[in-house]
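Before any comments, here is the structure.
The model shown is predicted, which means the values in this text are computed figures rather than measured ones. The analysis underlying the following values was restricted to heavy atoms, covering all of them including side chains, and did not include hydrogens, waters or symmetry mates.
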Amino acid sequence: MWNAILWGTIAASATLMGAIVVLKFKVPRKVIGFIMALGTGALIGATTYELLEESLEISGFLEVAIGFLGGALIFTILDYLIVRKGGQERKHSERSSEGFSNTSSLFGAAKQTKGKGKASGAGIFIGTVMDTLPESALIGMSLIGGGTVSLALVVSIFISNIPEGLSSTVGLLKSGYTKKKILFLWALVVFFSALSSLAGATLLEDASNSMKAIVSCFAGGAIIAMIASTMMPEAYKEGGPVVGFVTSIGVFISLWLHYL
């Protein structure tokens, strides 16, 4: 139980780390794009090697298909609803290179669109929680039966959460949120992620292999849908064609960690 909470907290703490960095320092947008591309590749690899492959070993193709495609579909529907509330800005790194020192202009812009800013900020927060919960649950699932945590999964999620914290913090600043409130929201994200990891490790402990495979692949499908709709477009926008190679490095790192 405590292992699930620990590793879930460690992986999710990268969002808080990213928020602190962007509040204190100037972060070039290309750097954010490269980190996001690296996290994209790592998550693709971890989903493939840690989830789909292992799920096929304990169940059948039908369970994998139901879980994986179902997770992708549900995430897409929820993402559509969140985007309508302004949640699309949770991955937008626009103006993040300006750092906290130039946030007064962001607060000024937020005051001019106060109502929209509040809706956008709430959408960013809810969207970020929606992104992190499936990832954290997978960490917990890897510990079912007293197993050791998947290092590839933890590292992949940690890397991908850094640009999440960076870019989402900028969106919250533009929505008029204070520094203290932003840090509190990210602390909540870490808390919810730890609970999600705990749930993944305990709720399915006595479930059948077929159910474990369906739930694991459901989370995997949600992760792939999240990557395709939010991380990949933003990574290319900020990093340019080089992100293709950086993404490949992320996949290779995941493969290397899987076979360590």
Side-chain angles (χ1 to χ4, degrees), residues 1-12 14-15 39-40 42-82 126-161 164 189-231 254 257-258:
M1 180 181 76
W2 292 112
N3 273 345
I5 295 175
L6 172 64
W7 290 111
T9 301
I10 289 174
T15 56
T40 294
L43 280 177
I44 291 173
T47 300
T48 303
Y49 307 129
E50 299 291 326
L51 300 181
L52 300 183
E53 182 180 315
E54 294 182 7
S55 294
L56 280 172
E57 292 176 358
I58 65 173
S59 65
F61 188 80
L62 178 61
E63 288 87 346
V64 171
I66 291 173
F68 188 74
L69 297 179
L73 176 61
I74 295 301
F75 180 91
T76 301
I77 293 172
L78 292 176
D79 192 43
Y80 174 78
L81 297 175
I82 292 299
I126 295 172
T128 302
V129 172
M130 186 177 72
D131 291 346
T132 57
L133 291 187
E135 302 169 345
S136 302
L138 289 178
I139 293 175
M141 291 176 198
S142 70
L143 294 167
I144 290 177
T148 57
V149 71
S150 168
L151 182 60
L153 198 58
V154 172
V155 172
S156 300
I157 293 172
F158 186 89
I159 294 173
S160 68
N161 279 338
E164 176 101 49
V189 169
V190 174
F191 175 74
F192 288 138
S193 297
L195 289 183
S196 179
S197 181
L198 176 61
T202 56
L203 296 181
L204 293 177
E205 190 168 7
D206 298 323
S208 66
N209 284 341
S210 292
M211 182 56 65
K212 290 176 183 177
I214 290 174
V215 175
S216 294
C217 290
F218 184 91
I223 289 174
I224 293 298
M226 179 270 291
I227 290 170
S229 62
T230 60
M231 292 182 68
S254 182
L257 291 173
H258 178 69

Output the distance between atom [atom1] ([X]) and atom [atom2] ([Y]), rounded to the nearest 0.5 Å.
X	Y	atom1	atom2	value
Glu135	Ser193	CD	OG	8.0 Å
Asn209	Ile214	CG	CD1	11.0 Å
Ile224	Phe68	CD1	CZ	5.0 Å
Leu138	Cys217	CG	SG	9.5 Å
Ile223	Leu153	CD1	CG	6.5 Å

Practice task
Applying side-chain contact (heavy atoms from CB on, under 4.5 Å), run through Met211 and Val215 and close with a yes or a no.
Solution key: CA-CA 6 Å; Met211 182 56 65; Val215 175; 4.0 Å; yes
Practice task
Answer yes or no: is there a donor N or O on one side and an acceptor on the other, between the side chain of Asn161 and the main chain of Thr132, under 3.5 Å?
Solution key: no
Handout entry: Short side-chain to backbone donor-acceptor contact, Ser197 and Ala4, under 3.5 Å
Key = yes
Exercise for the section: Would you name the heavy atoms of Ala14 and Phe158 that are closest together and state the gap between them? Expected result: CB-O, 3.2 Å
Practice task
Locate the shortest heavy-atom distance separating Gly220 from Leu51; write the atom from each residue and the value.
Solution key: CA-CD1, 3.6 Å
Problem - Heavy-atom side-chain proximity of Phe218 to Ile74 below 4.5 angstrom - result: yes
Problem - Minimum side-chain heavy-atom gap Ser59-Val64 below 4.5 Å - result: yes
Practice task
Take His258 and Glu54 through the test side-chain contact (heavy atoms from CB on, under 4.5 Å) and record every step on the way to the result.
Solution key: CA-CA 11 Å; His258 178 69; Glu54 294 182 7; 3.9 Å; yes
